[in-house]
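Below you'll find the structure, written out as structure tokens, and then a few comments.
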Number of protein chains: 2
Amino acid sequence: MKSRSQALSKVFYALSDPTRRAVLKHLGSGPASVSELAQPFDMALPSFLQHLQVLEISKLVRSKKAGRIRTYQLTPDPLLAAESWISAQRTSWEKRLNQLDNYLKEMKEKKL
Amino acid sequence: MKSRSQALSKVFYALSDPTRRAVLKHLGSGPASVSELAQPFDMALPSFLQHLQVLEISKLVRSKKAGRIRTYQLTPDPLLAAESWISAQRTSWEKRLNQLDNYLKEMKEKKL
DNA sequence: CAAATACTTAGGCATTGACCTAACTATTGT
DNA sequence: ACAATAGTTAGGTCAATGCCTAAGTATTTG
């Protein structure tokens with residue numbers, strides 16, 4: 001139970017940075033090396049590496065080194081876990097029609 | 001574009017803490033006051049308040065004060081935005097994996 | 001083997017985050 | 001009015017983040 005929560009924390013934390021989200025997006029279209037991933041960013045390589053480490057610690061990505069090139073790729077599971085958590089919350093509040101209803105009414109009032 | 005990204009960052013950041021996720025869970029079953037929300041946690045009130053502020057800044061919740069009681073409630077939109085972002089990523093790599101799958105199947109067929 | 005390439009590690013600095021205690025303000029109940 | 005209640009603000013500690021430059025380690029490549 002506890003470890004699941006910690007894992008979720010790390011995943012959400014990893015997702016909380018635009019650079020890291022961009023890296024995930026990039027990896028969505030296939031594996032890539034450190035320098036390929038770093039290229040779009042105006043940042044010193046060691047700084048960028050830290051972001052990759054955060055991603056790897058969260059297990060959103062994994063990497064393997066072949067020769068002098070380290071290749072990163074996505075690991076789907078943690079992203080799924082995060083999505084599930086959010087989805088569960090959504091289901092919970094959607095059940096409560098009250099709140100949603102009030103919310104929509106307020107939106108209407110704001111638009112008028 | 002940029003503001004959307006910043007908003008997402010704040011939402012994911014807010015979600016990266018177990019206390020804050022627990023608060024959201026609590027609010028999923030209805031609005032609640034500061035002290036109701038704080039009660040399960042072994043934490044000084046000012047520390048807990050900071051978490052509520054993080055949640056409010058991320059717009060995952062909003063609050064109104066009536067008399068001396070401040071009541072919090074969920075705001076669904078940011079959670080939906082976060083879920084959408086993840087979902088979009090998932091779709092992206094799922095497509096790719098399908099393509100890879102097709103490719104592998106073709107290879108198999110060629111071998112036959 | 002020497003030079004270029006692709007990372008890696010070390011160390012430093014500024015900011016932010018998470019927690020605390022103590023003291024304060026604004027209601028409300030008696 | 002006074003005490004209790006419900007939050008709030010101020011200020012301090014300590015660790016973690018995000019960025020940097022400089023220097024180091026492996027691997028190719030010429």
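All of these numbers come straight from a predicted model, not from anything done at the bench. Side-chain atoms are counted along with the backbone in the values below, which use heavy atoms only and exclude waters and symmetry mates. First the proteins, then the strands, lettered A, B, ... as listed; each starts at 1.
- Between F41(B) atom CZ and dA18(C) atom C1' the separation is 14 Å, expressed in whole Å.
- The residue among V34(B) and D42(A) whose nearest nucleotide of DNA chain D is located toward the 5' end is V34(B).
- Annotation: the span from T71(A) atom OG1 to E36(A) atom CD amounts to 7.5 Å, rounded to 0.5 Å.
- Residue contacts shown for S35(A) are limited to sugar-phosphate atoms, with no base heavy atom under 4.0 Å away.
- Among the nucleotides dC20(D), dC7(C), dC20(C), the one closest to the side chain of M43(B) is dC20(C).
- S47(A) has a side-chain polar atom (N or O) that falls below the 4.0 Å cut-off from OP1 or OP2 of dC20(D).
- Between Y13(B) and dT17(D), a side-chain N or O to OP1/OP2 separation shorter than 4.0 Å is absent.
- Of the candidate nucleotides dC20(D), dC7(C), dG7(D), dG7(D) has the atom nearest to the side chain of K65(B).
- Considering every non-hydrogen atom in both Y13(B) and R20(B), the closest pair reads O-NH2, 3.2 Å.
- Atoms CG (L45(B)) and P (dT8(D)) sit 8 Å apart, rounded to a whole Å.
- One can place CD of Q53(A) at 11 Å from P of dA10(C), the figure rounded to the nearest angstrom.
- In this structure, CH2 in W93(B) is found 13.0 Å from CG in L27(A), a value given to the nearest 0.5 Å.
- Atom CD1 of I69(B) and atom C1' of dT25(C) are 16 Å apart (whole Å).
- Note: CZ (R20(B)) to C1' (dC19(C)) measures 13 Å, nearest angstrom.
- For dG17(C), the OP1/OP2 oxygens have no side-chain nitrogen or oxygen of H51(B) closer than 4.0 Å.
- Using a 4.0 Å heavy-atom cutoff across all strands shown, F48(A) reaches no nucleic acid atom at all.
- Look at CG on L49(B): it is 14 Å from P on dA6(D), rounded to the nearest Å.
- Closest to the side chain of A44(A), out of dG18(D), dT21(D), dC20(C), is dT21(D).
- Distance check, rounded to the nearest 0.5 Å: OG1 of T19(A) to CD of Q50(A) gives 11.5 Å.
- Toward the 5′ end of DNA chain D lies the nearest nucleotide of Q50(B), the other residue of the pair Q50(B) and T19(A) mapping further downstream.
- Of the candidate nucleotides dT28(C), dC7(C), dT8(D), dT28(C) has the atom lying nearest to any side-chain atom of R68(B).
- Ring pair F12(B)/W85(B) is perpendicular by interplanar angle, where above 60° counts as perpendicular and below 30° as parallel.
- Spacing between atom CG of L37(A) and atom C1' of dA6(C) amounts to 13 Å, rounded to whole angstrom units.
- Rounded to whole angstrom, the span from the CG atom of L52(B) across to the P atom of dT9(D) amounts to 13 Å.
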